[in-house]
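Reading through the structure tokens given below for one structure.
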2 protein chains.
Amino acid sequence: MTTLHIVDDDEAIRDALGWLFQSRNVPVIGWESAQAFLDAWSPDLSGCLLLDIRMDGMSGLELFDRLLAQNCRMPVIFLTGHGDVPIAVGALKKGARDFVEKPFNDNELVDRVIDALAFDRDQRAREAGQAGLAARIATLTQRERQVMELVVAGRLNKVIADELGISMRTVEVHRAHVFEKMRVKTAVELTRLLTGAA
Amino acid sequence: MTTLHIVDDDEAIRDALGWLFQSRNVPVIGWESAQAFLDAWSPDLSGCLLLDIRMDGMSGLELFDRLLAQNCRMPVIFLTGHGDVPIAVGALKKGARDFVEKPFNDNELVDRVIDALAFDRDQRAREAGQAGLAARIATLTQRERQVMELVVAGRLNKVIADELGISMRTVEVHRAHVFEKMRVKTAVELTRLLTGAA
DNA sequence: GCGCGGTCTGCGGATTTCCACAATAGCCGC
DNA sequence: GCGGCTATTGTGGAAATCCGCAGACCGCGC
């Protein structure tokens, strides 16, 4: 679900943030430790993360690192009480979306979270498209993939036949199969698909 | 030139940094104020910027904003004595490349500057390619541009003729002109050019 | 062994693209 | 007005692509 995940070991803060966001119609789930969230995380968890830096046990930064190692691309907003520039800079350069010091302005934080949620939705839509594409590519045979690459590289069938050492007719057959499986009608459409054009 | 531009109103620091970088074979130019650099800036100044935050007159942050307003895309590394998280976060989110607190580690700073210089070179190469492309597109006539768009959209000449209400032969002529002016031989190559593929 | 899928090939025809040669017409600047 | 650029169209042929029909070989699983 597209939810704000709040990871903070201070229950009072989880509750306060929970109230804040629920009053703005943002679904919230609270986690009492980095480990708890890490255990529950799966790639189809969507939404964004609000992460306290200083926690007992695993810190927010370490959780962030571990999530990155697992290819989590959920937007992360850090919350911290004690400002530390190198930490903030490091987190942002690793890809964190924001880094907010307490005390924070409620409205501002809500806005940033809402932006992050929208970003995650968009990103997931893009990734879903890519996944469908990858699935179609997976149905291609070895040869078909080879031919497809050369077609997308702009080679004529004649040239492809030469390069692969097969007859033009065979290239045509593979090419037709590629078009069918990739659900396109022309080489241009195929190129747009694979180069990720609009 | 691809140079490190140091903007700091403290001459001692400019000198110290100048020595540091020149000893590492990084060309350096020092500027004694934000205004001085801003006056001298032009879009073909290349390299990267090392910018002190606190200066008499215009601050480093304000210089950064003004440069952004002028579409400067040179990588900027901020230097600051007094850490302030919101400022650092704001600068990075606006696109600054780094934000370093004094005292800094010499080697680390040099590495980051060298990275930034390499980034600028790459970025300029990409932009030069795009500029050449834009220049070629500019030589196309109205009609040729229309035809090009439809070709890249994957339409057949026949369909393009219908959509534009002209004869197929005319479409062929425009299409050939487009290929010639854009220096490609196939519709696929043209598509790759315009969609910015490898 | 038999079927299925992948790879390979040829033939022939329809469609599309590519291109040289040729021509008409409007607009703009010298 | 002439020359140049743009847009338009036609004829006709060469080249490339698209596609159905037909057949071949090989490996794999039932």
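Note: hydrogens, waters and symmetry copies are ignored here, and every other heavy atom, side chains too, is used. Within every chain, numbering begins at 1; the chains are lettered A, B, ... in the order of the sequence lines, protein sequences first and strands thereafter.
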Qualifying ring pair (Phe, Tyr, Trp, His ring centres under 6.0 Å) pairs with a residue from residues 91-150 of chain B, counting only residues at least two apart or across chains | B/Phe78-B/Phe99

Counterpart residues, side chain to side chain donor-acceptor pair (under 3.5 Å), relative to A/Lys93 (two or more places apart) | B/Asp98

The helix from C/dG1-D/dC30 to C/dC30-D/dG1: angle between terminal helix axes, five bp per end, to the nearest 10 degrees, reads 30°

Please round to the nearest 0.5 Å and tell me the distance separating atom CD1 of B/Ile166 and atom NE2 of B/His174.
-> 5.0 Å

Linking Ile, Leu, Val, Met, Phe, Trp and Tyr through side-chain heavy atoms less than 4.5 Å apart, which residues share a cluster with A/Met168?
-> none

Under 4.0 Å protein heavy-atom contacts per nucleotide of nucleotides 16-22 of chain D, with B for base, S for backbone only and - for none | SBBBBB-

How many Å lie between CG on B/Leu164 and P on D/dT9, as a whole number?
-> 10 Å

Which is the 5'-most and which the 3'-most nucleotide of DNA chain C that has an atom under 4.0 Å from a heavy atom of chain A?
-> C/dG6 to C/dC11

Under the salt bridge (charged side-chain N to carboxylate O under 4.0 Å, His left out) test, which residues partner B/Asp65, sequence neighbours left out?
-> B/Lys94

Please list, chain by chain and in numerical order, all residues satisfying side chain to side chain donor-acceptor pair (under 3.5 Å) with B/Arg97, sequence neighbours excluded.
-> none

Can you pull the salt bridge (charged side-chain N to carboxylate O under 4.0 Å, His left out) pairs that have at least one residue in residues 126-143 of chain B, sequence neighbours excluded?
-> B/Arg73-B/Glu127

Counterpart residues, side chain to side chain donor-acceptor pair (under 3.5 Å), relative to A/Glu11 (two or more places apart) = none

Residues in side chain to side chain donor-acceptor pair (under 3.5 Å) with B/Ser23, at least two apart?
-> none

Starting at the 5' end of DNA chain D, which residue's closest nucleotide do you reach first, B/Gly165 or B/Thr139?
-> B/Thr139

Please report, to 0.1 Å, the donor-acceptor pairs under 3.5 Å made by any side chain of residues 151-164 of chain B, with sequence neighbours excluded.
residue, atom, partner, partner atom, Å
B/Arg155, NE, B/Glu163, OE2, 2.8
B/Asn157, OD1, B/Arg175, NH1, 2.5

Closer than 4.0 Å, any side-chain N/O of B/Thr170 to the OP1 or OP2 of D/dT8?
-> no

